[in-house]
Protein chains: 2
Amino acid sequence: MSAAAPSARPRSRARRGQGELLRDEILEATERLLVETGDEAAVSIRAVADAVGVTPPSIYLHFADKSELIFAVCEKHFEEFDRLLQEAAGGSSDPVESLMLRGRAYVRFGIEHPGPYRILFMSKPAAIPDWWTTERLMESASFAHLVENVQACLDAGAFAPGNPLMISASLWAGVHGLTSLLITKQAFPWPDVDGLIDYVLHVLLRGLRAEEGTASTGEGSAAR
Amino acid sequence: MSAAAPSARPRSRARRGQGELLRDEILEATERLLVETGDEAAVSIRAVADAVGVTPPSIYLHFADKSELIFAVCEKHFEEFDRLLQEAAGGSSDPVESLMLRGRAYVRFGIEHPGPYRILFMSKPAAIPDWWTTERLMESASFAHLVENVQACLDAGAFAPGNPLMISASLWAGVHGLTSLLITKQAFPWPDVDGLIDYVLHVLLRGLRAEEGTASTGEGSAAR
DNA sequence: TGTACATCAGTGAACGCGCGTTCACTGATGTAC
DNA sequence: TGTACATCAGTGAACGCGCGTTCACTGATGTAC
């Protein structure tokens, strides 16, 4: 009977000086839609407004335009992403095992937040606005943490000597490839996902490992 | 002066019985736009019609709807993709080297055809129409060829024993990850791309290699 | 304690746009007689 | 050899849609006097 009922509760107007409350509600709703649909194009200003229980122009009270809104959400996710990875990597004092933990956390983040993951790592370069230089910075931060971890492996003699940037890029390619395939090709007959994740990480780390006997402090596998 | 001039030559109407000619021109134009923009959403029926020098309804003389058109183009690319990889892999009789060649060809295809690559391997599952079961078949064919190649490595004792599906999925993840990052993050300060491709492939293959001494016919690296 | 007023959160209606798709049509081409 | 006609390739105009964004506005809230 009721025409065009908003999907959320009616939402009462904020009190004087409390206008910022709406901003958070908008961010939350956008994030929710982004996770649900996994596609920036599917998240419209109108859909967000409807989800919050407000009219479209209200969005512009808090965000200059659509991309500012989208990237505000992504920024939050990027921060969380880096934080999760650092936290996971801190779970071991062995740098190689840290990489393993970091890799697992990476893939898990992607699987659990396919919407933001798509935008952060799979969207077209042109879709990223100019002012989003933060992206570069954040990415660098997140990537820099990986490089540090790799450097620690090299310093410990656990990895064969090599260019840490090259090694880091390779690891990134590996986990990103797995993550994005799992997100995109859900119908593919994947073997056990957790097993696959660990297998891919093991192959990569094994491929980077120092030759036996050459390492200064290498853990090596058995005497022979 | 002329209003709304079509971007292509005026194109003269086909003769009786030659209507199919337009079909090919449409496919070509779609492919061209897809490669240029790299985004399915950016390729509109109207843009294709304009590129061909024809009005939008003409498209429907040859394709039931937009997705049929898009996937007709992708199907062509998928065939070419598999063909290129098989051709590349045939460049060596050593199965491990075949994998290397296959991997290089994979990444090169992605870099050279980012539009089709995005649609084939990076688009949302929901964006793929139901009738596109071919996709699964083709994908299986292409993937099956990889599995065969991996099995040959196992049979030759060049790889440590393992599940060929798991190994194949890992290799796919590696090359896909590299390809999609190179496509998506063009602004990232990548090290030398060709070097990076080879490095990633080497790391993966090294990680899969049989332990020295365990292999029956392994090539091994030097005596010690 | 009461009232005028500035402020602020949010609305309602509309804009112009490009999209996929439909439908009745046109006019050149070939064929039957 | 000439003409009526069916066929076929393509057109022109319009449909309804959802989109981002703008603009003049409303009405509740707090504050100054």
Side-chain angles (χ1 to χ4, degrees), chain A residues 2-27 29-30 33-34 37 39-73 126-127 129 131, chain B residues 2-27 29-30 33-34 37 39-73 126-127 129 131:
Chain A
S2 68
S7 49
R9 71 273 166 209
R11 195 197 117 89
S12 56
R13 181 204 214 88
R15 307 184 72 91
R16 273 290 267 295
Q18 306 295 310
E20 288 297 301
L21 292 178
L22 179 54
R23 191 189 149 90
D24 288 339
E25 288 188 59
I26 292 171
L27 283 173
T30 307
L33 288 174
L34 222 42
T37 69
D39 183 10
E40 179 189 356
V43 177
S44 66
I45 290 278
R46 292 170 130 98
V48 171
D50 188 59
V52 174
V54 110
T55 58
S58 306
I59 308 291
Y60 294 89
L61 260 28
H62 300 281
F63 301 92
D65 54 25
K66 191 188 172 183
S67 76
E68 190 174 309
L69 168 59
I70 296 288
F71 280 88
V73 172
W131 60 266
Chain B
S2 69
S7 49
R9 71 273 166 207
R11 197 199 117 87
S12 56
R13 181 205 215 86
R15 306 184 72 92
R16 272 292 264 297
Q18 306 295 311
E20 288 297 301
L21 291 177
L22 179 54
R23 192 190 147 91
D24 288 339
E25 288 188 58
I26 293 171
L27 283 173
T30 309
L33 288 173
L34 220 42
T37 69
D39 183 10
E40 180 188 355
V43 177
S44 66
I45 289 279
R46 292 170 130 96
V48 170
D50 189 58
V52 173
V54 110
T55 59
S58 306
I59 308 289
Y60 294 90
L61 259 30
H62 300 280
F63 301 92
D65 55 24
K66 190 188 174 182
S67 77
E68 192 175 305
L69 168 60
I70 297 288
F71 280 88
V73 172
W131 60 267

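In the text below, chain A, chain B and the rest are named by the order of the sequence lines, each starting its count at 1.
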* To do: Using Watson-Crick or G-U wobble pairs with both distances under 3.5 Å, give me DNA chain C in dot-bracket, 5' to 3', with [ ] for crossers and | for pairs to another strand.
  => .||||||||||||||||||||||||||||||||
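Residue B:Arg15 is in sugar-phosphate contact alone, with no base atom involved, counting any heavy-atom pair closer than 4.0 Å across all strands shown. Among the atoms of the strands shown, only primed sugar atoms or phosphate atoms (P, OP1, OP2) are found under 4.0 Å from some heavy atom of A:Ser44.
Contact check for A:Leu34 versus A:Asp39: no side-chain heavy atoms found under the 4.5 Å cut-off. Contact of the B:Leu69 side chain with the B:Leu27 side chain is registered, since non-hydrogen atoms from C-beta on lie closer than 4.5 Å.
With rounding to the nearest 0.5 Å, the separation of CD in A:Glu25 from NE2 in A:His62 is 9.5 Å.
Mapped onto DNA chain C by nearest heavy atom, B:Arg16 and B:Lys66 fall at different nucleotides, with B:Lys66 at the one closer to the 5' end. Where B:Arg13 and B:Ala64 meet DNA chain C, the nucleotide closest to each residue was compared, and B:Ala64 sits on the side nearer the 5' end.
First and last contacting nucleotides of DNA chain C toward chain B (any atom under 4.0 angstrom from a heavy atom, 5' to 3' order): C:dC19 to C:dG30.
When every heavy atom of A:Glu68 is checked against every heavy atom of A:Ala64, the shortest pair comes out as OE1-CB, 3.2 Å. Annotation for A:Arg23 and A:Phe63: closest pair NH1-CE2, 3.5 Å, computed over non-hydrogen atoms. Scanning both residues, A:Val52 and A:Arg11, for their nearest heavy atoms gives O-CD, 3.6 Å. Smallest separation of non-hydrogen atoms from A:Leu22 and A:Ser58: CD2-CB, 4.1 Å.
With sequence neighbours excluded, the residues satisfying side chain to side chain contact (heavy atoms under 4.5 Å, CB included) with B:Pro56 are B:Ile45, B:Arg46, B:Ala49.
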